[in-house]
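Note: hydrogens, waters and symmetry copies are ignored here, and every other heavy atom, side chains too, is used. Below, read A as the first sequence line, B as the second, and so on, with proteins coming before strands; counting in each chain starts at 1.
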There are 2 protein chains.
Amino acid sequence: MPSYGTGRKRSVEVIRNRASETLHARIKKRLLDNIVGGTWKPGAQVPIETELAASFGVSRMTMNKVLTQLSNEGYITRHKKRGTFVARPRSQSAVMEIASIREEVAALGERHRWSLLERAVRPLGPEERALLNPMVDAAADRLVVVRGVHFSGEVPFCHETRAINPRACPAALEQDFETVEPGQWLLDTVPWITAQHTIRAINASRAEARVLALDDGQACLEILRQTRTSADWVTTARLLYSGEAHQLVAQFGPGGRGNAP
Amino acid sequence: MPSYGTGRKRSVEVIRNRASETLHARIKKRLLDNIVGGTWKPGAQVPIETELAASFGVSRMTMNKVLTQLSNEGYITRHKKRGTFVARPRSQSAVMEIASIREEVAALGERHRWSLLERAVRPLGPEERALLNPMVDAAADRLVVVRGVHFSGEVPFCHETRAINPRACPAALEQDFETVEPGQWLLDTVPWITAQHTIRAINASRAEARVLALDDGQACLEILRQTRTSADWVTTARLLYSGEAHQLVAQFGPGGRGNAP
DNA sequence: TAGTGGTCTAGACCACTCC
DNA sequence: GAGTGGTCTAGACCACTAG
């Protein structure tokens with residue numbers, strides 16, 4: 001049990017036990033539980049540095065290290081004099097600009113429209129399972145399945161096929177997705193998700209070409225987005241972007257983290 | 001001019017002047033100059049923490065903060081007892097697995113082969129300029145232009161078109177690229193580059209389809225990789241991956257930096 | 001065993017911004 | 001004006017590993 005300097009005696013929180021993990025790592029996990037678990041809602045104020053330090057029985061420098069890390073990773077925002085707040089999750093990432101389809105279309109000056117094709121609670125069919133290739137346990141027979149098309153102005157440009165895990169997001173069972181786009185709705189409803197993207201180029205099938213008003217065999221960008229919280233998978237979506245009109249931009253530095261110098 | 005605690009008097013380095021930027025930010029820049037500028041070669045040992053701290057006239061904690069940041073960003077690696085070393089640049093990123101084509105093919109158990117189609121020192125033609133859409137100043141009339149095909153076993157799978165800036169990399173003028181793949185060679189020769197990727201799906205033109213042994217109009221993944229050091233652009237490459245065989249994987253967390261929780 | 005990085009503390013000053 | 005985060009210091013102990 002490490003105890004540095006003139007370590008405090010008063011046991012304020014049981015955080016100094018079980019060694020083999022650094023103090024700030026353990027404290028960070030505790031705070032992350034509050035943030036990701038939803039105990040601290042997005043926008044809520046976090047106790048001030050000195051208070052947190054006291055409550056965990058650590059020095060302010062140590063607490064500052066934890067909070068600085070959380071801030072760098074985007075979980076909280078900090079302002080002098082005002083305090084520390086739980087961040088509002090942003091739509092994916094500045095590194096990979098594909099983000100919310102709504103924002104993407106708005107940036108082009110066009111009006112975005114979502115058109116629902118199907119909304120059901122059922123297991124996946126065999127083709128859908130092949131498309132989504134999800135971490136979905138094969139036994140999952142109650143999924144919220146959503147299909148629809150995104151329009152930019154009057155032009156269809158993205159066909160979406162999505163499965164939502166009702167265990168991770170029960171609210172999806174009561175949402176009809178008639179007018180709300182499932183991607184944005186999920187971002188607002190289930191914060192703190194992590195997404196993995198797989199990107200391919202494929203030729204549009206006849207059915208897909210019809211939906212997107214393309215010629216048969218036109219090249220499309222297929223993005224498979226698998227989304228999870230730290231605990232469970234939330235949703236798997238296949239976004240098929242029409243033709244050469246859409247592109248992805250990603251920037252990377254030397255490290256392996258995606259940070260530019 | 002900030003001077004905290006019992007600040008030292010002995011002027012060891014002129015680093016404590018010009019305020020309005022934090023101490024460790026200025027020190028970090030100095031070290032980065034050495035690393036990126038090539039004064040400290042990849043693999044070389046960096047002075048130990050206490051030495052650096054003394055030479056800049058700062059406390060060890062402050063120096064540690066700088067070194068920890070550089071380590072997190074991938075510029076250096078640190079080992080207890082052994083010391084701190086300038087990192088060897090890795091092939092792009094663990095976030096975005098496309099990396100060196102050589103490694104990619106090797107991972108599939110196939111033999112990689114590079115076949116040169118053209119190597120010249122000349123300005124870009126109009127089509128090439130359209131393809132590469134580079135930050136290349138239009139006036140650049142002495143570029144190293146390389147075209148070739150990557151094979152996996154006996155199957156061609158990637159057509160590469162590349163321009164290299166001889167100002168940023170004079171060694172390219174003396175390299176014939178007959179047997180060495182330009183991407184890997186550049187990584188080994190010009191360390192500490194940053195790359196921006198743009199990804200699209202396009203239909204292969206007739207000429208491209210012939211090179212890649214595809215049918216006309218087959219969907220291909222086009223990756224435009226623009227690479228630069230902090231000072232200048234180094235190379236622009238267009239990699240055309242054949243068909244549905246290749247895909248990209250990228251993972252993102254909430255923050256906007258590309259870090260998973 | 002000793003060198004090196006990793007972590008922690010208590011105390012201090014500074015700068016920003018809301019009141 | 002005063003609360004809050006941002007930064008810096010000097011000193012200390014610990015853990016890992018090369019020799």
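- We find that CZ of B:Arg60 is positioned 11 Å from P of C:dT7, with the value rounded to whole Å.
- In this structure, the side chains of B:Thr22 and B:Lys28 stay at 4.5 Å or more apart for every pair of heavy atoms.
- Note on ring orientation: taking the six-membered ring where Trp is involved, the planes of B:Trp185 and B:Phe177 are perpendicular (angle over 60°, cut-offs 30° and 60°).
- The phosphate of C:dT4 has neither OP1 nor OP2 within less than 4.0 Å of any side-chain N or O from B:Arg78.
- Residue A:Thr22 places none of its side-chain N or O atoms closer than 4.0 Å to OP1 or OP2 of C:dG6.
- For the segment residues 61-68 of chain A, residues with any heavy atom less than 4.0 angstrom from an atom of DNA chain D are, sorted by number, A:Met61, A:Asn64.
- Between B:Glu49 atom CD and D:dG11 atom C1' there is a gap of 14 Å when expressed in whole angstrom units.
- Checking side-chain atoms of A:Thr235 against main-chain N and O of A:Ala163 turns up a donor-acceptor pair under 3.5 Å.
- Here D:dG5 presents its P atom at 13 Å from CG of A:Leu70, a figure rounded to the nearest Å.
- For the pair A:His24 and C:dC8, the criterion of a side-chain N or O lying under 4.0 Å from OP1 or OP2 is met.
- In terms of phosphate contacts, B:Arg82 brings a side-chain nitrogen or oxygen within less than 4.0 Å of OP1 or OP2 of D:dA18.
- Checking C:dC16, D:dA18, D:dT9 against every side-chain atom of A:Lys81, the shortest atom distance belongs to C:dC16.
- A donor-acceptor contact shorter than 3.5 Å is absent between the side chain of A:Asn34 and the backbone of A:Trp40.
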